[in-house]
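The structure appears right after this line, and notes come after that.
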Amino acid sequence: EIYCTGELLRQVQTAKLFDDDKYFVDMKLKATPDEVLAAFQNLTSSSPDNNLKPSELREFLNTFFEEPGKEFEQWTPPDWHDKPLFLSKVSDAELRSWAEKLHHLWKSLGRKIRADVRDHPELYSQIYTPHPVIVPGGRFRELYYWDSYWVINGLLLSEMRETARGMIQNFLYLIDRYGFILNGGRVYYERRSQPPFLTLMVESYYKATQDKDFLRAALPVLEKEYHFWMQNRSVAREVNGTVHVLNHYSVQVGQPRPESYTDDLELAEGLTEGAQESLWAELKAGAESGWDFSSRWFVDSQGGNSGTLKDTRTSQILPVDLNALLCRNEKTLASFYKILGDTAGAERYDRALRERLQAIEAVLWDPQRGVWFDYSLVNNRSHDAFYPSNLAPLWAQCYSQPAMGERALRYLQESGALKYPNGVPTSLTNSGQQWDLPNAWPPLQHMLIEGLWSVSTEEAEEVAFDLAQRWIRTNWLAYLKYEAMFEKYDVNGDGKPGGGGEYEVQLGFGWTNGVALQLLEKFGDRLVSSSTSLTCSLGVGLICIALVWLL
Ligand SMILES: OC[C@H]1O[C@H](O[C@H]2O[C@H](CO)[C@@H](O)[C@H](O)[C@H]2O)[C@H](O)[C@@H](O)[C@@H]1O
């Protein structure tokens, strides 16, 4: 009550005292929850209809709440240092100096939670975690689960191993406490997770440090998270007499999201109570997917993949990327057991991996189109729209025949998604939602580029490099214009931040910086900052060389 549900939350949010509903639920209490609720009850019982006027609510908040941000103390990552080695891999001088600036940004995104949050958790929506974190930035003041994978990879390139290790330890702590990892570090995120990337964070850390003791300590906790997904987020499907188990996002909480309360309330206006509850649960499942929100989760009355936000049915879709991610988790867990010499453990996850592969190929792989599609449980058929997530099995290396990789490349080339100057859009549908055209998101670009690179043919590697070049160029151009990094970008225009959805585009930005650093490190010997040279990289060859020479 107060931060997640109840009358106080309802009255404050519907009075729209702040531009963003997240503001109120991030405020700190000045008195105990009981005292605050009793004072509220007192006031409302003496007001007409038990409703306070906006001015009374404002006064009430001034008395009992502090502005957001009081939960952190000043902190600079102690392992930050000038000139990490990877910078020397970036040949283009302008990109190298920009990479240095990105490396500096970790200092402004670092947060340490005050001990008072640990000692008086009832006064905060912030959840205490023992180690400092790198946050996404802007309105996202707290840690976020899947964002942290790209942040940690960036930190490891920046040689900030202590900070990366601390972030992983926070997640292990959250699993011990909740049985799974929350969407983000606030009490209002307590009932949902996000794409399960912790095992891969540990893999990145292990690759950088070879620390077997850390791996040994983490492994039982990683297994616990894996079981959470298998026990609470799985569905069985029979195909040709064989039962396959696949995973989906699902949250059984039929109330508006506290941090976007009025959006959810307004969207559900006019629906029956049951339909409202089910829509709110589906929106929360959408948030759990990390793709909040997208036409990808729309299921219309005919069972097709069109509609509006009101048609969100996330739990009714078996998503390609979630299953590819779990497949990669299974492979990685098996490899951890092998490293630690535990053959039985390795065999357990090798078996899970074999079963996953069969399930993905039976239910999600489309042999005609040569790619993987999300599967709808509403009418037991695929949703064949384009999403970069359709190629996630490449990134996870979760497919049985090398030819499938080449076919998926062909699918991508024929999809129309490669025609945009700044990267691959999240979908080809402009729904006004932020996980749709024209937005392109850093994690999706990175997974696609890595996936194509892993196909290992010259053609696939060239497409991967070309996408990396386009992405770096748009990030860099936007940085030149705004001196900022954004959570998402527009696939059109010259360095244009993304838009749409329920909040303003945010600056900072954790995963964007992590992805840019990874691409700069991987392709640093070839990436260029100027558009003349970009045309060269796009294959205009000799004419281009002559042009550069003339200029
Ligand atoms: O407040 C609205 C929603 O905001 C978050 O989602 C978006 O930002 C996250 C942090 O960068 C990112 O992980 C997610 O993919 C974005 O869509 C939050 O995670 C949602 O739960 C929340 O409802």
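It should be emphasised that the depicted structure is a prediction, and the values quoted were computed from it without experimental measurement. Just follow the structure's listing: the first ligand is 1, and inside any ligand the first atom is 1.
Atoms of ligand 1 lying under 4.0 Å from at least one heavy atom of E259, given by number and element, are 1 (O), 21 (O), 22 (C), 23 (O). Proximity to Q434 (heavy-atom distance under 4.0 Å) selects the following atoms of ligand 1: 17 (O). Residue-ligand proximity, D147 to ligand 1, at heavy-atom distances under 4.0 Å covers atoms 10 (C), 11 (O), 12 (C), 13 (O). Proximity to N183 (heavy-atom distance under 4.0 Å) selects the following atoms of ligand 1: 18 (C), 19 (O), 20 (C), 21 (O). When each atom of ligand 1 is checked for a heavy atom of Y189 under 4.0 Å away, the hits are 18 (C), 21 (O). Distances below 4.0 Å separate heavy atoms of G290 from the following atoms of ligand 1: 14 (C), 15 (O), 16 (C), 17 (O). Each of the following atoms of ligand 1 lies closer than 4.0 Å to a heavy atom of R192: 20 (C), 21 (O), 22 (C), 23 (O). For ligand 1 and Q194, the ligand atoms under 4.0 Å from any heavy atom of the residue are 12 (C), 13 (O), 14 (C), 19 (O).
In this structure, W297 has its ring center at least 6.0 angstrom away from the ring center of W435. Checked against the 6.0 Å centroid threshold, F24 and F65 count as a close aromatic pair. Ring centers of F40 and F60: under 6.0 Å apart, within the cut-off. In summary, the aromatic rings of W106 and W80 are positioned with their centroids too far apart to meet the 6.0 Å limit. Between Y124 and Y128, the gap from one ring centroid to the other reaches at least 6.0 Å. Taking the ring centroids of F523 and W453, they lie under the 6.0 Å cut-off.
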Given the rule in the side-chain contact (heavy atoms from CB on, under 4.5 Å) test, do Q126 and E142 qualify, once you have shown the distances and angles that lead to the verdict?
-> CA-CA 8 Å; Q126 175 72 48; E142 49 283 314; 3.9 Å; yes

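Counting only N and O atoms by type, the side chains of S306 and D300 include a donor and acceptor under 3.5 Å apart.
At a heavy-atom distance under 4.0 Å, only side-chain atoms of E502, from C-beta outward, approach ligand 1. Contact annotation: for R257 versus ligand 1, heavy atoms closer than 4.0 Å belong to the side chain alone.
Nearest non-hydrogen protein atom to atom 4 (O) of ligand 1 is F140 CE2, 3.3 Å. Shortest contact from atom 16 (C) of ligand 1 to any protein heavy atom: D292 OD1, 3.4 Å.
Which of Y144, Y503, W511 comes nearest to atom 7 (C) of ligand 1 through a heavy atom is settled by distance: it is Y503. Distances from atom 1 (O) of ligand 1 to the heavy atoms of R186, E142, R139 show the closest one on R139.
Between K488 and V505, some side-chain heavy-atom pair lies under the 4.5 Å cut-off.
Proximity of W441 to ligand 1 is not established, as no heavy-atom distance is less than 4.0 Å. Within the 4.0 Å heavy-atom cutoff, F509 counts among the residues contacting ligand 1. G184 does not count as a contact of ligand 1, since none of its heavy atoms falls under 4.0 Å from the ligand.
A salt bridge between R161 and D79 is absent, with no side-chain N of the basic residue lying under 4.0 Å from a carboxylate O of the acidic one.
Relative to the ring axis of Y261, R10 does not place its NZ or CZ within 45° and under 6.0 Å from the centre.
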